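We count residues from 1, following the sequence as given. Everything numeric here is computed off the predicted structure, so don't read it as measured data.
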Amino acid sequence: MIPISLVVVVLGGWCAIYLADTFLTSSQSLKNSYEEWLASHGLSILPFHIRWQTTLFNRLFYKWGRWKPNFLYIWFTLGMVFGIIAMFGSMFLLGKTLVQTLNQMMAESPATQNDRMLQVVVPGVNLPISQLSYFFSAIFISGVLHEMGHGVAAVRETVRFNGFGMFIFIVYPGAFVDLFTTHLQLVSPVQQLRIFCAGVWHNFVLGILGILILLPLPALLFPFYYTGVGALVTEVVEDSPASGPRGLFVEDLITQVQDCQVTGVDDWHACLTEISQMPQIGYCINTVTLQQLHFPSRVYKRLDGSIECCSNNSLSDICFSYNSNSNQQQFACLPARKSIHSSQECRSNIDCQKTDAASVCAVPSIENQTRLIRVKHSPQLDMLFIGYPVHLQYAVSLSSFIPRHNIFGISLPVVIETFCKYLISLSGALAVINAVPCFALDGQWILNAFIEATLSSVIAEKQNRELLAFFILLAGSALLTANVVLGLWMVTAR
């Protein structure tokens, strides 16, 4: 669910703005001066929406739009081609995402929640509060570059540029350009396509730029940081399963999760995903040690069908199941840390008897979907975690970059890497969403111009072309709406 504190802050802020605006506009003594001040500064205030428009950057846009005309012609022609491809591709992506969402609505495992190609992002729910600065910075830069593409392309195609502006809708920042509509309607459909596709084209290029910075980052930071030896803990969420005296600490180096080696952040996520999909791994325990540590207790079934054999209410004891020499399944309540300390992982007794003939493979008998996970993190003792692997995944922030000297902090690579990832994902998402043939998005105008440019000779009646565009826009709008509504339900209500 959405955190109540976040809802209170957002609603409280907007209520304060709305009440102040209502008071000033209804005051006879202040109304005229207040409205004049808003108009002179290009401001307009609506419920949950603040908009600012200016002509300060008009000369700059005209300068950019007239710079190297031949290059800009090629640049925006490439953008036109990309925009048309993106319009059709976005429908495919939304359709595939909708199918994935419907499949996940019927799934019970939380491990599949991140498999969708496109996801609705809600601050405080699937977007950590600590990373809001990255999110809003990336979406603001993506929005500004998007609108700059429209503005420069419009000047290049001799459409009058009226102004540039920014807005805040609820909590999301954005930008826009104001073009002279009459000029825009007079230029040819191909020229319109260059203008309408310029925004998604710039978002695509910005995403590629982020990738070009992210991929060679280890080489760029090589003199100061090294990689490939583990995942460095940069943050541990307070009161999370990974915190506490036997948990993870900032600057710990994670090198292994169960029997899965960790050389970087990607390995950490891959290991936890594999652990969540595979059966619980066991640990080799000598039969003599097992008898010494075993606490006699009653064996019973939990509600989910799993077996419990620890009835001493101890948080450090766990029920283990194993097969004896007579191949009978038995259960033992053992102190977890003492039992599996320095023990090798196993899947069956055969794995253990290769090194110790008197040992058995004891598998933790815990609730379905949960796992006992052993994490090696120098210089501390191994951390033992019981729960859903995805909860451990979200409890810590990691970095693949380890400082060569103490003078180099652990935050610089994290900031660069995290910002680039947000820039790539959000700029890419903005390109995909805006290319969808949907009412009020760039895709609506791209589709109209595309039909006029390609089908005017096939469908002679303009009314028929408009009717065709209307039904396509209706389908695109329905598809986008279904993805947003179901996506919001998945991240907030489930």
d(Leu221 CG, Thr227 OG1) to nearest 0.5 Å is 9.5 Å
For the CG atom on Leu474, are there more than 12 heavy atoms of other groups (residues, nucleotides or ligands in this structure) within a distance under 6.0 Å? yes
Test disulfide (SG to SG under 2.5 Å) on Cys333 and Cys319 and set out the steps. CA-CA 4 Å; Cys333 181; Cys319 182; over 6 Å; no
Intermediate values then yes/no, side-chain contact (heavy atoms from CB on, under 4.5 Å), Met105 and Leu486: CA-CA 9 Å; Met105 287 174 65; Leu486 293 179; 4.0 Å; yes
Which atoms form the tightest heavy-atom contact between Ile318 and Ala336, and what is the distance? CD1-CB, 3.6 Å
Looking at side-chain heavy atoms only, is the closest gap between Val436 and Leu94 below 4.5 Å? yes
Shortest non-hydrogen contact from Pro389 toward Gln369: CD-O, 4.0 Å
Using side chain to side chain contact (heavy atoms under 4.5 Å, CB included) as the criterion, point out the one residue from Leu232, Thr234, Ile254, Asp252 that pairs with Leu398. Ile254
Take the SG atom of Cys346, take the SG atom of Cys361, and say whether they are under 2.5 Å apart. yes
Heavy-atom count check: over 12 atoms from other residues, nucleotides or ligands less than 6.0 Å from Tyr172 OH? yes
Would you call the rings of Trp14 and Phe48 parallel, tilted or perpendicular, where under 30° means parallel and over 60° means perpendicular? tilted
Is any side-chain heavy atom of Ser306 closer than 4.5 Å to a side-chain heavy atom of Ile366? no
Taking every heavy atom of Pro437 against every heavy atom of Ser90, the minimum-distance pair comes out as CD-OG, 4.2 Å
Regarding Tyr322 and Gln330, is there a side-chain donor-to-acceptor distance under 3.5 Å anywhere? yes
Does atom CD1 of Ile350 have more than 12 heavy-atom neighbours from other groups under 6.0 Å away? no
Stepwise side-chain contact (heavy atoms from CB on, under 4.5 Å) check, Ser142 with Leu206: CA-CA 7 Å; Ser142 300; Leu206 183 61; 3.9 Å; yes
Would you say that His202 contacts Trp75 through its side chain, given a criterion of any heavy-atom pair below 4.5 Å between the two side chains? yes
Heavy-atom distance under 4.5 Å between the side chains of Val375 and Leu392, does that happen here? yes
Rounded to the nearest 0.5 Å, what separates atom CD in Gln119 from atom CG in Asn483? 11.5 Å
Donor-acceptor check, side chain of Arg347 to backbone of Pro279, threshold 3.5 angstrom: yes or no? yes
Is it the case that the side chain of Ser359 and the backbone of Cys284 share a donor-acceptor pair, with hydrogens and angles ignored and the cut-off at 3.5 Å? no
Main-chain N/O of Ile424 paired to Ser427 side chain as donor or acceptor, under 3.5 Å: no
Just by distance, do the side chain of Ser399 and the backbone of Val414 share a donor-acceptor pair under 3.5 Å? no
Measure the shortest side-chain to side-chain distance between Leu334 and Tyr283 over non-hydrogen atoms and say whether it is less than 4.5 angstrom. no
Would Arg51 count as a cation-pi partner of Phe176, with NZ or CZ less than 6.0 Å from the six-membered ring centre and within 45° of the ring normal? yes
Where Gly149 and Phe76 come nearest, the two heavy atoms and their spacing: O-CE2, 3.8 Å
Test side-chain contact (heavy atoms from CB on, under 4.5 Å) on His146 and Asp442 and set out the steps. CA-CA 11 Å; His146 178 100; Asp442 288 347; 2.7 Å; yes
Please identify which of these residues, Glu345, Gln258, His341, meets the side chain to side chain donor-acceptor pair (under 3.5 Å) condition with Arg374. Glu345
CD1 of Ile170 to CD1 of Ile168: how many Å apart, nearest 0.5 Å? 12.0 Å
Nearest heavy-atom contact between His150 and Ala198 is N-CB, 3.9 Å
Please check if the side chain of Asn103 supplies one atom and the backbone of Val99 the other of a donor-acceptor pair under 3.5 Å. yes
CG (Leu384) and CD1 (Ile340) are apart, to the nearest 0.5 Å, by 4.5 Å
Under a 4.5 Å cut-off applied to non-hydrogen side-chain atoms, are Tyr18 and Ile45 in contact? no
Between Asn349 and Asn323, is there a donor-acceptor pair closer than 3.5 Å when you use the side chain of the first and the backbone of the second? yes
Check for a donor-acceptor pair, side chain of Arg337 on one end and backbone N or O of Asp382 on the other, with a separation under 3.5 Å. yes
Do other residues, nucleotides or ligands put more than 12 heavy atoms under 6.0 Å from the CZ atom of Arg246? no
Describe, in one word, how the ring planes of Trp201 and Phe204 are oriented to each other, choosing from parallel (under 30°), tilted (30 to 60°) and perpendicular (over 60°). parallel
Of all heavy-atom pairs between Ser339 and Pro335, which one has the smallest distance, and what is that distance? OG-O, 2.7 Å
Can you tell me how far apart SG (Cys438) and CD1 (Ile472) are? Round to the nearest 0.5 Å. 13.0 Å
Gap between atom CG of Leu372 and atom CD1 of Ile386 - 0.5 Å precision: 5.0 Å
Going through the distances and angles, do Leu480 and Leu441 end up as a side-chain contact (heavy atoms from CB on, under 4.5 Å)? CA-CA 11 Å; Leu480 180 59; Leu441 294 179; 3.6 Å; yes
Plane angle bin for Phe408 and Tyr225 - parallel if under 30°, tilted between 30 and 60°, otherwise perpendicular: tilted
Within the side chain of Thr355, is there an N or O that forms a donor-acceptor pair under 3.5 Å with the backbone of Cys352? yes
For Thr273, does its backbone N or O pair with a side-chain atom of Gln393 as donor and acceptor, under 3.5 Å? no
So do the side chains of Thr101 and Thr97 get within less than 4.5 Å of each other, counting heavy atoms only? yes
4.5 Å side-chain heavy-atom contact, Val171 and Leu132: no
